[in-house]
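Notes for the one structure printed next.
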There are 2 protein chains.
Amino acid sequence: MPKGDSAPRTPPELGDMSADEFRRHGHELVEWIARYLDGTERYPVLARVAPGDIAKNLPAQAPERGEPFESILEDVDRVLMPGVTHWNHPGFMAYFGISASAPGVFADFLASALNQQAMLWRTSPVSTELEGVALRWLADLIGLPPSFEGVIYDTASVSTLHALATAREVAVPGVRAHGLSGRADVPRLRVYCSDQTHSSIDKGVMLLGLGHDALRKIPTDERFRMRPDVLREAIAEDRAAGWRPIAVVATIGTTSTTSVDPVAAIADVCESETLWLHVDGAYGGVCGMLPEMREHFVGLERADSFVVNPHKWLFTPFDLSAFYCRRMDTLRQAFSLTPEYLRTPDGARNLSDTGVQLGRRFRSLKLWMILRYFGAEGVRARLREHIRLAKTFADWVDAHPDLERLAPVPFSVVCFRANPRGRSMSAADLDAFNDALMHRINASGDVFLSHTKLRGTFAIRVAIGNLRTGEAQLRRVQELVSLGVGTNNP
Amino acid sequence: MPKGDSAPRTPPELGDMSADEFRRHGHELVEWIARYLDGTERYPVLARVAPGDIAKNLPAQAPERGEPFESILEDVDRVLMPGVTHWNHPGFMAYFGISASAPGVFADFLASALNQQAMLWRTSPVSTELEGVALRWLADLIGLPPSFEGVIYDTASVSTLHALATAREVAVPGVRAHGLSGRADVPRLRVYCSDQTHSSIDKGVMLLGLGHDALRKIPTDERFRMRPDVLREAIAEDRAAGWRPIAVVATIGTTSTTSVDPVAAIADVCESETLWLHVDGAYGGVCGMLPEMREHFVGLERADSFVVNPHKWLFTPFDLSAFYCRRMDTLRQAFSLTPEYLRTPDGARNLSDTGVQLGRRFRSLKLWMILRYFGAEGVRARLREHIRLAKTFADWVDAHPDLERLAPVPFSVVCFRANPRGRSMSAADLDAFNDALMHRINASGDVFLSHTKLRGTFAIRVAIGNLRTGEAQLRRVQELVSLGVGTNNP
C-alpha cells in the first residue's frame, strides 16, 4: 500500500477513526485498488502457496494495543496478497469466470458504510425497495413474466434451498408445524435432477431432512441434457414404490459443460405430475437477455422458481444470488414469523419473511449500479463478447489434430482434452496426461483452468466470464496447450 | 455526491471502467463516505418515507444505454438517501446498536475488489487461512478453549441452523442419507430454548424438517433466564411421551432484555441427557472479552457450539457471524460433498465442506482489520463505554419517579417504560401510552428506539452499540422521554 504523507497515527481511545484519517487511508486504498484492477497480470492467477503458508506468517494472537492503519495495509501487501487467487484476473478461466466490476465494487463500499440491515422495511426502506426494483429490472431483461416475484439471497445454494423448502411446504401438509418425522402420513420424499446438476441440490435435500437418497439423478443425453422420458418413468416407478415425488430441478447452464436441460418438456412432466419445477440458471440465466439465446429459455415461464447469480456472469462482486418465485406467498408461509420486537406499524412487507435469514446486507445497490452503468445494451455486448471468445476457442480446438472437444458450447465454457495423434494411450493414461497438462498450464501463472469428468473422462474447462478477458488470454491458453500436447510429459 | 472536475464519461463499449475513471469516482466516494460517517446527524435516524416512496422514484425498467457514473451517484443522494435508516448514526439505539467502523468498511471495499470466493482452499488460500486465524484470535479473546473450531457464516440464523443440523446428525443415525420421513425408527424430535430466545431458532427447526412444534419454549425466571429445573422436567415429560430430545439452545444476551441463561446448569442437563448444547451469544458473546463479565460465560466451554456476531457489537459492517463448534467434524460429515469439478490435489481443508453454502465472501478480512486497528484493549474500552452509558441511563430511569425499569441490564440494553405518577392507567392504556411515547421520540429524528413485550407489557428499549454513541445522544433520549411523560398525549 502507498505511504500517506502524514505520520502513522494510533487509533483514538474511543470512537471510530477520525474523518481526516478516513480520507487519507481511503484515498490510498482507491489508488491501490485502481492499480490492482488495472494490473492483476502482475500476479500469478492461482496463488503459489502451500496450505499453511499464509497462517504461519500471522501472529497467533490479536494485538493487545491498536495499530496504525498503515501497518495493517502494509501486511495486506506483504502477508496476504501471496495467498490471493485472482478471480478478477483476465486469465482466470477456472470454474466460472466472474468479475467484480468497478460499479459493483463502489456499491459494496457504499453499502458497507451505510450498513443497512434490511430485516424489516423500516430498518432499510431503501434496501427493501431497491431490491424489488432491481430484481424487476433483471427479470424483465431476462424475460421472466411479472408473475415471478424476486428476492436476493447470498448464494445459489441458499436460493435453491428455499425453492426446495417451498416445494416441501406444498407437498407435505403441516410440515411447517409438524415436521417430517414420526408421521405415518408422510412417506419418503423424492426430488429429481440430472446427473449433471450442481451439488447444492444434494446439500439442500440433506439439510431439509429429505435425505441424500431422496435425490434421484436422471441420466442425460449425449449433450448432457436431462432425459424427460426417463424422468417420467422414474416418477412412475417411485410412486409405485411408495415415494412421494415433490420437485424437479432443471438447469440452464450446468456446472461441468453448461448444458441446458429441456425445460419445456420437463415442465410438461411437472404439470402432469403436480411437481414443483425449480430452474437453476445460476450461471446461464443472464443469457435470457440475448434474443439469440431464447431457445434455451423456452418453458422457463412455467417454472415455479428460478435462480440466477449476478455474481457469476453479471459482473457483480460476490455475493448476490437472485431468486424468483411464482409462489412467493407460499415461501413466506413457510418462513414468516414476527416476534414482538420486530412488529412495526407500517404494514409494509418485510424481507425477513422471505426466507431463513433475518439480517440482509444491502446487496441490491450493486445490481442497480451495474445495470445502470453498463446498461442493458452494454451487458448484452459483454455477454456476446464472452460467447464469441468461447466459440473462437472451440473452433480452434475442433481444428487442432491433437485436441478433442468433449461437449457442446452453448454459452462461454469449452470442455476439451488433448488426445495426441500417433500415441495410443489407455483411458487412464489419457486422463493423467490431461491432468498433468492442466497443472502445467496453471503453473504458468498466466491463466487458471479447472477440470471436470464427463462420463468418466477427464476434461479441461476454459470458462470465460471476466470483463477483462480477451483474445490475448485465449492465445496464451492456446500456446500453453500446444506446448503441452507436443511433449510426452506435459 | 461531489462533482468531479472532468466531464462525465459513458461506459466503454467492452470491459470495465478505466483506471482513470475508477480513481476519479473512487476519490469522490471516499470524500462522500468520510462526510457521511462524520455527519450522520444531518439525517433523521429513522427514514421518513412511506412504503413505496423510494420505488416510485425509480424507473420501471433498466436503462438500455449505459450511464455516466456521475448520474448514478447523483441519484444516490437524490433518490436513495431519503430511504436510508441510519444504522451507523450515533442516535441509532433500536434493536441492537451496531457500527460499520472505518477499518471494516475499508476491508469490505478491498474484499469486493479482490472478489475472493473461498469455496476451496486453492480458490482463496488467503480467505481460508485468515478465517482460521481471525476466528482463533476472537475465540482466545472471548475465552473459548482451542477445542472450538470456527467458521464464518453470514448471519446468526445460518450459524444456528448449522448447529441444529449437526445436533440432528448426531441424534438421528442415517439422517444425511435417509432423511426424517417414512422412517419408523425416527420419532418426533425436540429442541428446547427459553421463551426469550430469538426467532431464528424457530426458523431453524422449521427448515430442518423438525416442525415448529418441535421447539419447546421453557419458561424464564424473574430475570428472564431459562429455568433449568423446568427444562429437566420438560425433557422427562417429552421422553415419556415418545419425543426424542436432541438439543438445547441457551442464550447469552437475549434479544429483548439481553438476559443470560444459566449456561452451566443447562450444560449439566445436556450432559446428563446427552443433548447438543448450542449457545447463542450473537449480541452478548463479545463481552467474554471483559474479565468483569466472565460470570455470564461460566459453562460456555461445555457447549457443543456457540455463535457470536461481530456485525452486532464488534464494529463490523454487516454481515459476519462467527460460528464455533467442538464437533466440527460432525458438521462436515453432515454436509461435505466433493463433486469432481471441485476436487483438488492439495489435500487442504475446504471451507465449503463446513456448511450448506458453497461460495463464501472474504469476510475474515474485516474481522482481522478491526481487531488489529482497535486492538483487544481498544475493543474492551469501547464495550465498557457502551456498558457504562447503559448503566448511566438505567440509573436515570431508576431515579425518575415516572419511569420503571423492566429488566436487569447485564450489558448495554435498557428496557423501561413510563408509568406517570398520579395517573392510574389500565395495563392497555399504559401500553398505548408507551407506544405513543416511543413513536414521538423516534419522530424527533435524533434517536431511534424500538420496543418489545415483557410478560405482555410494552417495553421501550435503549440499545447502545454504535461507536459514535455518547452522552449527548443519551441526554437527548432523556429530554424526549421527560417531555413525553409530562404530557397526557406523548
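We name chains A, B, ... by the order of the sequence lines, and we start the count at 1 in each one. FYI, side chains are in, hydrogens and waters are out, and symmetry mates aren't considered; it's all heavy atoms of this structure.
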**Q.** Segment of S200(A) engaging chain B (4.5 angstrom heavy-atom cut-off)
**A.** neither

**Q.** Residue D319(B) versus chain A: region with a heavy atom under 4.5 Å
**A.** both

Q. With a 4.5 angstrom heavy-atom cut-off, which part of V133(A) approaches chain B: side chain, backbone, both or neither?
A. side chain

**Q.** Top contributor to chain A interface from P125(B), G347(B), S321(B) [non-hydrogen pairs under 4.5 Å]
**A.** P125(B)

Q | From CA spacing to verdict: side-chain contact (heavy atoms from CB on, under 4.5 Å), E340(B), S256(A) | A | CA-CA 9 Å; E340(B) 183 60 36; S256(A) 281; over 6 Å; no

Q: Examine distances only and state if a side-chain atom of W137(B) and a backbone atom of P59(A) form a donor-acceptor pair shorter than 3.5 Å.
A: yes

Q) Taking atom types as modelled, is there a side-chain donor on R361(B) or S112(B) under 3.5 Å from an acceptor on the other? A) yes

**Q.** Under 4.5 Å from a heavy atom of chain B, the part of Y373(A) involved
**A.** both

(Q) Within the structure provided, determine whether R23(B) and R35(A) are in side-chain contact (heavy-atom separation under 4.5 Å). (A) yes

(Q) Test side-chain contact (heavy atoms from CB on, under 4.5 Å) on W121(B) and T85(A); report intermediate values, then the result. (A) CA-CA 10 Å; W121(B) 173 84; T85(A) 288; over 6 Å; no

Q) For A50(A), is it the side chain, the backbone, both, or neither that has a heavy atom closer than 4.5 Å to a heavy atom of chain B? A) backbone

Q. Are V84(A) and V126(B) side-chain neighbours, meaning at least one heavy-atom pair lies under 4.5 Å?
A. yes

Q. Checking R122(A) side chain against P345(A) main chain: does a donor-acceptor pair fall under 3.5 Å?
A. no

Q: Check whether D16(B) gets within reach of chain A through its side chain, its backbone, both or neither, counting any heavy atom under 4.5 Å.
A: both

(Q) Among P187(A), G470(A), S124(A), A19(A), which residue has the highest count of heavy-atom pairs closer than 4.5 Å to chain B? (A) P187(A)

Q: Heavy atoms only, distances under 4.5 angstrom: which of P339(B), A60(B), G378(B), A113(B) has the most pairs with chain A? Name it, please.
A: A113(B)

**Q.** Structural part of V49(B) lying under 4.5 Å from a heavy atom of chain A
**A.** both

Q: Side chain from CB out, backbone as N, CA, C, O: work out which of these in L210(B) comes under 4.5 Å of a heavy atom of chain A, or both, or neither.
A: backbone

Q: Keeping the roles fixed (side chain from E129(A), backbone from G52(B)), state whether a donor-acceptor pair exists under 3.5 Å.
A: yes

Q: With a 4.5 Å cut-off on heavy-atom pairs, point out which of S199(A), A348(A), G132(A), G204(A) contacts chain B the most.
A: S199(A)

**Q.** S71(A) side chain near R372(B) side chain, heavy-atom distance below 4.5 Å
**A.** yes

Q: Check A381(B) against L14(A) and note the closest heavy-atom contact, atom names and distance.
A: O-CD2, 3.6 Å

**Q.** Under 4.5 Å from a heavy atom of chain A, the part of F315(B) involved
**A.** neither

Q) By a 4.5 Å heavy-atom criterion (distance strictly below it), what part of L141(B) contacts chain A: side chain, backbone, both, or neither? A) side chain

Q. More than 12 non-hydrogen atoms from neighbouring residues, nucleotides or ligands closer than 6.0 Å to CD on E64(A), yes or no?
A. yes

Q. Tell me, side chain or backbone of A334(B) under 4.5 Å from chain A's heavy atoms, or both, or neither?
A. backbone

Q. Can you say whether A47(A) sits under 4.5 Å from chain B via the side chain, the backbone, both, or neither, judging by heavy atoms?
A. side chain

Q. Shortest non-hydrogen contact from S127(A) to Q116(A)?
A. CB-CB, 4.5 Å

Q) Nearest heavy-atom pair of L114(B) and M81(A): which atoms, and what distance? A) CD2-CE, 4.0 Å

Q. Quick one: what part of F69(B) sits under 4.5 Å from any heavy atom of chain A, side chain, backbone, both or neither?
A. both

Q: Could you check L29(B) against L73(B) for side-chain contact (heavy atoms from CB on, under 4.5 Å), going step by step and ending with a plain yes or no?
A: CA-CA 9 Å; L29(B) 207 50; L73(B) 292 184; 4.2 Å; yes

Q: Could you check L110(B) against Y36(A) for side-chain contact (heavy atoms from CB on, under 4.5 Å), going step by step and ending with a plain yes or no?
A: CA-CA 10 Å; L110(B) 188 55; Y36(A) 174 74; over 6 Å; no

Q.
Is L58(B) close to chain A through its backbone or its side chain, or both, or neither, when contacts mean heavy atoms under 4.5 Å?
A. side chain

**Q.** Contact leader toward chain A among R382(B), H25(B), H86(B), M206(B), where contacts are heavy-atom pairs under 4.5 Å
**A.** R382(B)

Q) Measuring heavy-atom distances to chain A, does A94(B) have an atom under 4.5 Å in its side chain, in its backbone, in both, or in neither? A) neither

Q) Side chains of T128(A) and R360(A): is there a donor and an acceptor less than 3.5 Å apart? A) no

Q. L37(A) and R468(A): which non-hydrogen atoms are nearest, and at how many Å?
A. O-NE, 3.1 Å

Q) Where on E21(B) is there a heavy atom nearer than 4.5 Å to chain A: the side chain, the backbone, both, or neither? A) side chain

Q: Assign the ring pair W87(A) / Y95(A) to parallel, tilted or perpendicular, where the plane angle (0 to 90°) is split at 30° and 60°.
A: parallel

Q. Side chain, backbone, both or neither: which part of D140(A) has an atom under 4.5 Å from a heavy atom of chain B?
A. side chain

Q: Using a cut-off of under 4.5 Å on heavy-atom pairs, state which of F362(B), F374(B), F106(B) scores highest against chain A.
A: F106(B)

Q.
Counting only non-hydrogen atoms closer than 4.5 Å, does L365(B) touch chain A with its backbone (N, CA, C, O), its side chain (CB onward), both, or neither?
A. side chain

Q. What option among L46(A), L138(A), D154(A), D435(A) has the most heavy-atom pairs under 4.5 Å with chain B?
A. D154(A)

Q: Keeping the roles fixed (side chain from N88(B), backbone from A100(B)), state whether a donor-acceptor pair exists under 3.5 Å.
A: yes

Q. Considering only heavy atoms, which portion of W368(A) lies under 4.5 Å from any heavy atom of chain B: side chain, backbone, both, or neither?
A. side chain

Q: For chain B, find which of L130(A), I98(A), L207(A) contributes the most heavy-atom pairs closer than 4.5 angstrom.
A: L207(A)

(Q) I'd like to know which of H439(A), K203(A), H178(A), M17(A) tops the heavy-atom pair count under 4.5 Å against chain B. (A) H178(A)

Q) Is it the backbone or the side chain of L358(B) that comes under 4.5 Å from a heavy atom of chain A, or both, or neither? A) both

Q: Tell me, for E385(A) versus chain B, whether the close heavy atoms (under 4.5 Å) come from the side chain, the backbone, both or neither.
A: side chain

Q.
Taking every non-hydrogen pair under 4.5 Å, which of P82(B), P103(B), G242(B), P68(B) racks up the most with chain A?
A. P103(B)

Q. What option among D38(B), I33(B), D53(B) has the most heavy-atom pairs under 4.5 Å with chain A?
A. I33(B)

Q: Give, as side chain, backbone, both or neither, the part of T155(B) having an atom under 4.5 angstrom from any heavy atom of chain A.
A: side chain

Q) Among L371(A), L208(A), T452(A), N309(A), which residue forms the greatest number of heavy-atom pairs with chain B at distances under 4.5 Å? A) L208(A)

